[in-house]
Structures are given as C-alpha cells and as structure tokens.
Enquirer: 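The structure follows.
Within every chain, numbering begins at 1; the chains are lettered A, B, ... in the order of the sequence lines, protein sequences first and strands thereafter.
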Amino acid sequence: MKSVVGPIRKLLVANRGEIAVRVMRSARELGIRTVAVYSDADESAPHVQFADEAYRLGPPPARESYLRGDLILQAAKRAGADAIHPGYGFLSENAAFAKQCGRAGVIFVGPSPASIDAIGNKVNARQLARKAGVPTVPGLDRAVKDGEDLSAIAKQIGFPVLIKAASGGGGRGMRVVREPRDLARNIREAGGEAASAFGDGSVFIERYVEKPRHIEIQVFGDRRGNVVHLNERECSIQRRHQKLVEEAPSPAVDAKLRERMGATAVRLAKAVKYLGAGTMEFLLDRDGSFYFLEMNTRLQVEHPVTEMTTGTDLVKAQLAVAAGAPLAWRQEDLAPRGHAIEARITAEDPFANFSPQAGPILGLAVPSGPHTRWDAGIREGGAISMFYDSLIAKLVCWGSDRLEAIERLRRALAELVIVGVPTLVPFHLHLLADKRFRKGDYHTGFVENEFSMSGLDRPHLAEAAAIAAALEYRRRRQETPDANGSATPGTGSSAWKQCALREGLRS
Amino acid sequence: MKSVVGPIRKLLVANRGEIAVRVMRSARELGIRTVAVYSDADESAPHVQFADEAYRLGPPPARESYLRGDLILQAAKRAGADAIHPGYGFLSENAAFAKQCGRAGVIFVGPSPASIDAIGNKVNARQLARKAGVPTVPGLDRAVKDGEDLSAIAKQIGFPVLIKAASGGGGRGMRVVREPRDLARNIREAGGEAASAFGDGSVFIERYVEKPRHIEIQVFGDRRGNVVHLNERECSIQRRHQKLVEEAPSPAVDAKLRERMGATAVRLAKAVKYLGAGTMEFLLDRDGSFYFLEMNTRLQVEHPVTEMTTGTDLVKAQLAVAAGAPLAWRQEDLAPRGHAIEARITAEDPFANFSPQAGPILGLAVPSGPHTRWDAGIREGGAISMFYDSLIAKLVCWGSDRLEAIERLRRALAELVIVGVPTLVPFHLHLLADKRFRKGDYHTGFVENEFSMSGLDRPHLAEAAAIAAALEYRRRRQETPDANGSATPGTGSSAWKQCALREGLRS
Amino acid sequence: MKFALRHGEDRFELSVEEEAGGYRVNDGRTTWHIRFDDRRGAVRGVVVDDARHSVGVARKGDTWDVVLEGINYEFLTRDARFEKLLELQQARSGVASGRAELRAPIPGLVTAVLKSAGDEVREGEPVLVLAAMKLENEIRSPRDGKLAEVCAKAGAAVEKGELLAVIE
Amino acid sequence: MKFALRHGEDRFELSVEEEAGGYRVNDGRTTWHIRFDDRRGAVRGVVVDDARHSVGVARKGDTWDVVLEGINYEFLTRDARFEKLLELQQARSGVASGRAELRAPIPGLVTAVLKSAGDEVREGEPVLVLAAMKLENEIRSPRDGKLAEVCAKAGAAVEKGELLAVIE
C-alpha cells in the first residue's frame, strides 16, 4: 500500500458542523483552499458558507451523505483536492475509506490504513498493547463468539464486567453488567447497537474498574517515525460514556505520572508507526495504576484544551505531517502551561434526562474576551438538525491555574445565549459550581451517580422568563397583527383582536 | 494623602464600550460584583447589560456624563462600590479624580495621585527620566511659555521638531514642524486642541526622530515597591498618532534589547513608586538607541497582546494590587511566548480618509476559533454613537510565531462582518498582506507616507455587492409591501405596486 | 392588559401596566417593577426590580422561547380571556375523559411501529421507535389501554409534538 | 425584473431572472449565475458564478448596506423604471442649475457656524465646524458662491446627510 505524500494546496473536509469549520480555519491560515461537502440538510450551514467551494453529497441521513466515501472522493476529484480531512466521527476511523483515498491519489489526513486496522479495532489494540508491555484492563483478548460459554469467561474476569463494541466509540454499544444473569441479554443488545452504529456487531468483555478516571494522552507522529505526546486530557465528566467536560492537565495527574503515561503512549504509537494526531485512552485507578483502553485514530472533539495549554494548532500539525513534513515540536517544548477546560455545548435538555433537541437557532450571543475560545457550527438563523450529533459548539477557557480556568468558563457560559433549543449550558453552570468538581474530586460515574440537576430551575427565574415573554408578546402584538411579529405599527386594540381571532381558529 | 486599601467586593467601572465590558469580565471571574455607569446614549449598551447594577450619569456628551467625577462618585456611594476602575481615556489619568476617590474612601484602580502628577505630565516625566538616567529625545525640558523666543529654542534642538501636549495622549495636540516659519502657528493650534481635549493647553517641543518605531514597555508595580515588566509592544502602525495595529513582541526588539528597555522602564517606575499597570513609551531609532517619550498611567487599549504572549490577565492583576496584594509574578516567568497581533476595529472609513462613522449595527458576525480573541462593545441591534471614540472592538490573534499570528488575524478578519457602518477591516486586510509589513519593516510614518488603500475596492466586489443588494431587495419586496421588509408573504405584483407607490411619495 | 403563560406544569397569569421608565407587572400576589430593553434582536436586557438579567427571547411558532441563565423556557402565551376559553374547550373534549395522546417528544424519524390500531398496550410498553441524533428512542405508552389510532408510519419524519398514536 | 443601484459614482442596472437553483443576473454586458442563501439574518452566503462570498446585507432607511471582504457598500436600490423617473425629476429641479447643498458627512454636533446667509464664500472656505467622535471637522464650501441659506445652528446635533447650508 503506497502512501500519498506531497504539498496540500486544496483540502476537502469530509465533515460538517463545528469540526469542519475548525479544520477549514487552520487550512485558510496555511493558504490552503477549502472544499466543503454537504447533505441537503446543510445546504446553507456554516461549514458550507465558510468554504471556498462546496459540493452536494445527497439526502440528509449520514448513510446517504457524509458516510458515502464514494461520493466524497468524486467531489474531491471534481474539485481537484489534494487531500481529505475526515474530522471526527463519520469516516474518520474507517480504514477502507483511507485506503480508497490512497488509491485515488488523495492524501488522507490521518494515519495509514494499516495503523487504523492495527490499533483502531479495540480487540487488536489490546493485543498490541500487551505485546508492547502496556497494561490493559483484565478481560477477554478477543471478540465474544456466538454461543460461547459466557459464564466461564465472566467468572475468570470477575464481576462487574463491561461489554464494549470492537469498532467505533462514543459509548454506543457499551454496557456495564453486575449480575451473571444479565450477561447474555446485554451482549445481545450491545451487539445490535454496535451493528447499527458502526456496521460491525462484534463485542468484547473486560473487568469494570470502579470509580476510575478517564485520562487520555494526545500523541503525534510524523512519516519519519518521530512520535511525541502533548500531555493528558481529563475526560471523566461523562454521561452514558459521552464526554461532557474535558480539561488539561488532569487534577489527578502530576508531572511524574504524566511522564510515565506519556512515555507509554509514545511507545505504543511507535509500535504501529503512527502518523498524525491520535489519542490513547486510559483508565486511571484510584491507586494510581493505569490501564490502556483504546486508541482513537483521529482528532478528538476535546483537542482545544491541549492547544490552549501547549500553544499549538493540532490541525495545522496534522496537515503538515500528512504532507510529509517532520514534526515541528520537541518533547521538552510541550509541557503544559496553565489550565484549560472545555464545555461541550450540545442540544440536549439537562432537565429532561439529557434528551436530544432539534430546532431553529432564533438568537445567539457568543462569549468572548480574554483566554476564551468558541468553536461552533451554528449561527443565528440556522437550525439544529435531527439527523446528526447533538454537539453544536464548544466553549473553552484557559486560566493560569485550574480555578481561574473554571471561573473564566463560568463567566463565559453566563454570556452565552442560545434561543430556540435547550442546551447543556445550565448543566455546565451547575457542575462548575459543584464543590467536588472544583476540588477535582470526581470519576467517570460522577455525573450519573453523584450529581443532580434538581432544584436548579429556581422559581424566580421562571417568573422573570414569563415576564420577559409577556412583555415581548405585548410589544409585538401592539406593533403588528400578523403572525410573524414583524414591525407594522398598528393600533393596539384592533391588532389584538385579529391576533385573538387567528389563535382561536388555530386551536 | 492616605491610600485606600482593602478587599474589593463591588467594582464600579467608570467607562463604556469594549474596555468596560473587558474590565467587568475579569471582575466577574474574581467574584466581584460589577456596577456600570452610563450616559443617555448608552442606556441599553453592552456594558450596561453586562453589569450587575447600572446608574445613569447624564446626557450623552462625555463632559456631562463619563467625565463627571462627582456623579460617578455619587453612583459609587449609592451602589456601595469599594473601588472604581477608570478604564482608559475619560478620567483614567486624572490625578484630581484619583484624589477624590481616596477622599471618598473608594479605591481608585490605578497609581496614586502623586504618581500620576509626577509622571503623567509629559514635561515632568522627561525631567524625572533625565534624573533616573533614562535617555530622552533632545528637547525643551518644560512647557513653552507665552511669547517665548521660539527660534532660539528650535535652533538649539534642530528641525524637524515635534510639538506635544503636556497632558493627555492619543495624538491630540501633536504637530510635526519642519520649517521655522510654521512653528508659531502650530504651537498655537496644538495648544488649542490640547486645551479642548484635556483641559490643559500647555505644550512642549522636542526633536522629531525620523522613521522611528514606537515601542512601549508594560510595567506593573505593587504596594510593596515590587515592579516587573511584561515586555514590549510594537505600536508603529499609526495614523495621525492613533495606533491601528499593535503586536508583541516587536520585530525590531531582540532578547538583549528587551532586557535593556525593560530594566530601564522598571527603574523609572520604581522612581515614582508606581502602583498597578502602566506603560512606558519609547522611540526606537534605527540605530538601536531608544528614547523615553512618556508614561501612560493606566491600562492600554493594546494590553491583550501582552496578555496573550505572557498568559496573564492584567485587569485581575490591577484589581489584586489595588486591594493590597503583592505581585503574583516573578520577572523570569514573564518572557514572551509566541506572538500576538491586535487589529483595532474602529468605525472609520479607510476609503474616505479614515473619517469617523456613526450608525446602527444592523448585522454582526464575530470571528472565533483557535487562539483568537474578540473584545467588543457592540452588538447587533445596537448603534455606534457620534459622541464617543470610534474604537468599537479589537480583534487579537496569537500564533507560535509572527507569521502564524498574521495569517490567523487575516483569517479572523475575513470572518468578521459588521453591517451598518464602514470599519477599518479592509485597511487591516490590506496591511496584513503588505510585504513590508510582513517583513516587519515599518516605522511610525509607514501608514501615512508609504501605504495606500487605492486599488483595493475591486470592481468584481462592487458587482457582487450590487447583486446581493438587488436580490435581497427583490426578496423582501416579494414578501412584503411594508417598509420594514418583514415577512408577510404576499403576491409579488401587488406588493411591488404598493412599494413603488410609497417610494414615489417619499421622493 | 392580562397575559396567561404556561411552561410545562407552571402557569403564570400576569397583568402588565406601563409606568414611568418601564412596566408594573403583577401575578395576583407579587408586584414587580420591570425595565425591558426595547431594541430588536433576540438577546435583550430585563431588570426585575433590582435584578438585571440578560435574556434571550424569540417567537417559535405558537410558543415564545425565553433563555435565562442558560435555561430554556418555552411559553404558550395567550391573553387571559383566551386561556379561559381554551380550558373550557379542553374540559369539553377528550382530555378529561381518559384519552391519552402519544406525541413526538423530539423531531425524528420513525424507524419502527411496534403496535397497530386495536392492540392492547400496558403502561411502559413500547409503541414505536423514533430515531433522532444518532440515538433510538422507544416511545412507550403512558398507561394501560387500547390503541384507538396509530398515525405514525415507519420511515416518516415527524416534527416535535406531532401526534403519533392515541390510547383509550 | 430590473433593478437600478447606485453606490457613490458607480451605477448598476441589473436584470434578475430565476433559474434552476438560483438566479441569472445580467447588467447588459455580463451574465452571472447566482446562488443566494435565503435564510433570514444579516450575514448570508452568495455564490457569484463559482466565487463564494460571505456577505452582510441589511436595509438602512432608504439604502441597502452590503459588506463584502470587510468593505462597506451603500446602495440606493430602486427598480429601473423608478430610477428613470427620479432622474427626470432631478433634471427638472435645481440640481442641474448650479445650486450646491452642504450636507453633514457624518452625524455630529455643530460647534461653530462661521458664515451667515448672504455671505460670499470661496471654494474650500470653512462654513461651519462639526464635532464628531472627539474630532472637529471643518465643513467647507464645494465652490465659490453666495450662501442662500444656513440651516445649521451652533449646538445642534445633526444626522448624517442633514442639510446644513445651500450655496448658489
């Protein structure tokens, strides 16, 4: 398998939303022309508007658009793109697509298909890790077979156990099982979920570590075999295995542990000749021991906390090494400086069991100011589509220490106003005020088991909101009789009557 | 004169616009309650909306509102504020106001009145500098007297000479004179301008250095007499002595020169027992010699480039030392990291001789993303008032080196859209593409004498703009017959007729 | 002028009068003095007595969306007389008679319809599956009963609040 | 449909027709194929042939403000028939007869009125002083003539475009 190398003059971004915009920003700064692809749901989305060129893929569902590698390669050919950046999700960890890019003579901005095959699959990755002397969680070193005697396996590992999909990520296809009798059903369900999400239903089993922290190490390799790490990210604030808040450095990692985990990650990346940006995920036990979980062979959602603490641009570095350049960093220049925290802004209602929400963005006020970063794929007048992930933006703040970063993020969250869909903003405000979180005293089960949103929706806020709604309703009604609340000054009372009439008809 | 010291729980910000918002952001992050003051022109301005409390001062003109120290102190008393932050401009360098704060038992966030008196006045500052062994531009060590024999003075200094106001800053009251016969008239005019701008018409004379760079050193002192510097800022991109672009570090300053200039600035600040944030302005000659010009005894507009290269928050540090805390920094921690550039976004038309503009903000799209900072005092739906300074926002980008910072700023400027008033954005885009600027090869006369905006307004852009205007006009006309372009779907032709009719009546 | 608003279970009946510099609002128990930033745009300032808030407010179809401290409130806004009428209507219709409607909690794609009209269902039993944002959501019956009607069709996109089935 | 636009000295007469996926626009010499993002809001996408632009567009009183690559264009937008009418009117009025109007180039405060009605003025001679944004601007006569009228009063705030004086 030959690898395509060469200067990148035009880059197709095979993604949408905030990550597509973020990738294009770095490309622009490098003087690289940008090409967007889009589904019918995204025809006037920010990532399309941002690009120099844009090509339609197909109907809204991802399987008919953003997952259609063939259409994406056609667009790349039409545009004359030298390279494709896959972002995260969609085709970013798809070795077959990376291979197709190579065959088509287009640089795939990511590791080689061989690396993806070797370490992108969780079962392979565990075996690789063992060979490289990297500790892993005790478990089955291969996928579960149909009709296998599960009780023997489970007894050998010990309950509770964790069932995980062999492909993919983001918590889909994951189940914790505490009782032997629940095992078979959960394996079946997890397999089904994995099949529909990743097209691969195989699952495996490992020991479930209680109250661990999710710590990941950012690694970066070039084509000459150099690999460095850019320290850890702490991602234990999760819900249903979906990360909600990430920070760097971790409150649980000191310089010594950072060096050990970093060296471990670099060793493993070198073992697969890793190219570009990748992330080694570890479980950190309360006793300080850590276990390799899996590797994400792509850019992570949470990469900005690393960029803010190391003064780097990971996308630029991806593009540079993909084009054949050597790494521009020495390990000793990459020590973390200060602290950064990211709040994922998803269209989910934290007061309604985090249910995903779709709808129009009717109003948007964006935070800014010192050491504050806003990465978004939304704009006022746009909409959140039901067809894609609920992640709509990320708010990231840097501080000279952890507490400053937390207070800055609270300040920035208070500036953020998104009208039209419920978001995670109230969750974040509540979390950042939580004493345990502020002390750094949390683990991957914290949000689900030890944290609650109840009591947050204070009555005086609802009153103030109702007053604002009433006054705005009154103002628009006095101005206009029409349903869109536009500005035709009219007499208050006749306008009122027409409005009541229309609403009467509607009910 | 006793100085007020103590914890700050509530801070009144005696300013408006972007700097008031910026100061409040830091106060919020410290858990300090914020109090805004406003003129009638600013009743629903962003800084008022941002604050926890807000008090009206008076009618729009600054002399009746933001310059009314008595009203501001009344508001502080009503609000129970412990401290007043003056921002820049207005009362920020007014020793009398600082004194009144002290008498009223309110902390003035800035140096002592004695320091302001000693070094805020340019003539005093020059004398002080001489005494401290700091080089100054050859000139008259005192203000020009009425009826004085100017020819003797000018002969002694040598032409060209520079006439400067003794108080204030920002280029008002400044004149370059190249011919003896123009001297008397220019002194008269400069004096008049200074009198109306700062209430003090005294001016002095010094040698005009040809093609110098304007380099300033940020200093910071605490109540214990510790003083550090936070490196230089390069501010040579000016027009009529108004800074347009600032960067840190300066392309003309190496580590050795930085250390020399920094040590000089610290020595001078110690000589006046300087408290808080201050800036020593220097002229840097092409031969590497530098001359002290003046000190600004306040926060500068361009402080973000220092914050981004040193990982600091200068407003928080101001509040800390004002409350009596010692400096949290050691000099060795403050070496610059990477490069930052600020573009001042003013409401001025670079195609119309930079004439100031007022008007409504009808649309606003704000840049964001990696290492990008937006500090603004505007919002969509607001307006630029004719009563105040034309600076409406600052766009600041950081990069690992100067070229990356420049390219990032170009990318961010391209994202910025302000509809309603012409701004400096096209000037900045043109400047950042200029070869000489990119090489760092410029001086304080560069913009006025060696740079031109001509040829930038390309015909195809005007065509595209005309097409957009026509299509939008068409769309609104088809939707609605009313003058506000609101959304009542109607039949195209009758709507059209009504519209034509109304416009006919109006002409 | 009187306004009736609903947000979830909460009801507000507010009378609004203009006063110098703003409005006086009363809900029958408390009186607030309000200043409301009257510029256009979705993000405005509202001062309730002395408490200043930045508030997002916009009309979304039949409701008003208000955002305060990050929290999203969705108000059905009607004048008070109209609200009375509506209640009378609802009392007369099936709402009080034990009829239950299954509506889409979020917009999505119906990926499976598990029951047909006429089927008996138990409380908590899945009636259909709605896919949205990469997750599959089972829509369950709120109580025991019989399906009077199933409006949803597999493969169809539905809007939030759209009627999916009726249980009697 | 035809549209006439003016920006400073530039005039555009554009005919607009719908075509598949967008519009065909012609100015008599060139034809462009245009796609125009039809969502609401002040910042939109416009594709001119293959060149994509992010464009700010909003109505400001009688004009349309368009921002492209940071440059602000202010268009007087009228349909072409109307434009013809207007030109006829202007030809009939004083515009062509040597009358010159002095209008405020920016909003500001009139700080001094230096001349009175009936005074002779030379080209470039200051007629009054307008203070705006901390700077004083002398408003000068565009040509030699006699002041027929001075509308500005010292101390008065004036809007952009407001008539200050008339020279004949």
Enquirer: Hey, could you give me the CD/OH distance between Glu463(A) and Tyr73(C), rounded to the nearest 0.5 Å?
Expert: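 One gets 10.0 Å once the value is rounded to the nearest 0.5 Å.
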Enquirer: Please flag which part of Asn72(C) lies under 4.5 Å from any non-hydrogen atom of chain A: side chain, backbone, both or neither.
Expert: side chain
Enquirer: Counting only heavy atoms closer than 4.5 Å, note whether Ala414(A) contacts chain C via side chain, backbone, both or neither.
Expert: neither
Enquirer: From the options Leu416(A), Val417(A), Leu362(A), Val421(A), select the one residue that forms a side chain to side chain contact (heavy atoms under 4.5 Å, CB included) with Val67(C).
Expert: Val417(A)
Enquirer: Tell me the salt bridge (Lys or Arg N to Asp or Glu O under 4.0 Å) pairs involving residues 107-117 of chain C, sequence neighbours left out?
Expert: Lys115(C)-Glu125(C)
Enquirer: Give me the ring orientation class for His460(A) and His53(C): parallel if the planes are under 30° apart, tilted from 30 to 60°, perpendicular past 60°.
Expert: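 Plane angle between 30° and 60°, so tilted.
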Enquirer: Does Glu472(A) pair with Arg59(C) as a salt bridge, N-O distance under 4.0 Å?
Expert: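 No, Glu472(A) and Arg59(C) are not salt-bridged.
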Enquirer: Assess whether atom CZ of Arg379(A) is packed by more than 12 heavy atoms of other residues, nucleotides or ligands within 6.0 Å.
Expert: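 Yes, CZ of Arg379(A) has more than 12 neighbouring heavy atoms, counting only those of other groups under 6.0 Å.
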Enquirer: Begin with the C-alpha distance, continue with both residues' side-chain angles, and end with the deciding distance and a verdict on side-chain contact (heavy atoms from CB on, under 4.5 Å) for Leu5(C) and Tyr473(A).
Expert: CA-CA 11 Å; Leu5(C) 303 98; Tyr473(A) 179 48; over 6 Å; no
Enquirer: Name the region of Ile467(A), side chain, backbone, both or neither, that has any atom closer than 4.5 Å to a heavy atom of chain C.
Expert: both
Enquirer: Can you say whether Val43(C) sits under 4.5 Å from chain A via the side chain, the backbone, both, or neither, judging by heavy atoms?
Expert: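 Just the side chain, heavy atoms under 4.5 Å.
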Enquirer: How many angstroms lie between atom CZ of Arg44(C) and atom CZ of Arg475(A), to the nearest 0.5 angstrom?
Expert: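 Result: 5.0 Å between the selected atoms.
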Enquirer: What part of Ile384(A) lies closer than 4.5 angstrom to a heavy atom of chain C: side chain, backbone, both or neither?
Expert: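 For Ile384(A), side-chain heavy atoms alone lie under 4.5 Å from chain C.
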Enquirer: Which distance, rounded to the nearest 0.5 Å, do you find between the CD1 of Ile418(A) and the CG of Asp65(C)?
Expert: 12.0 Å
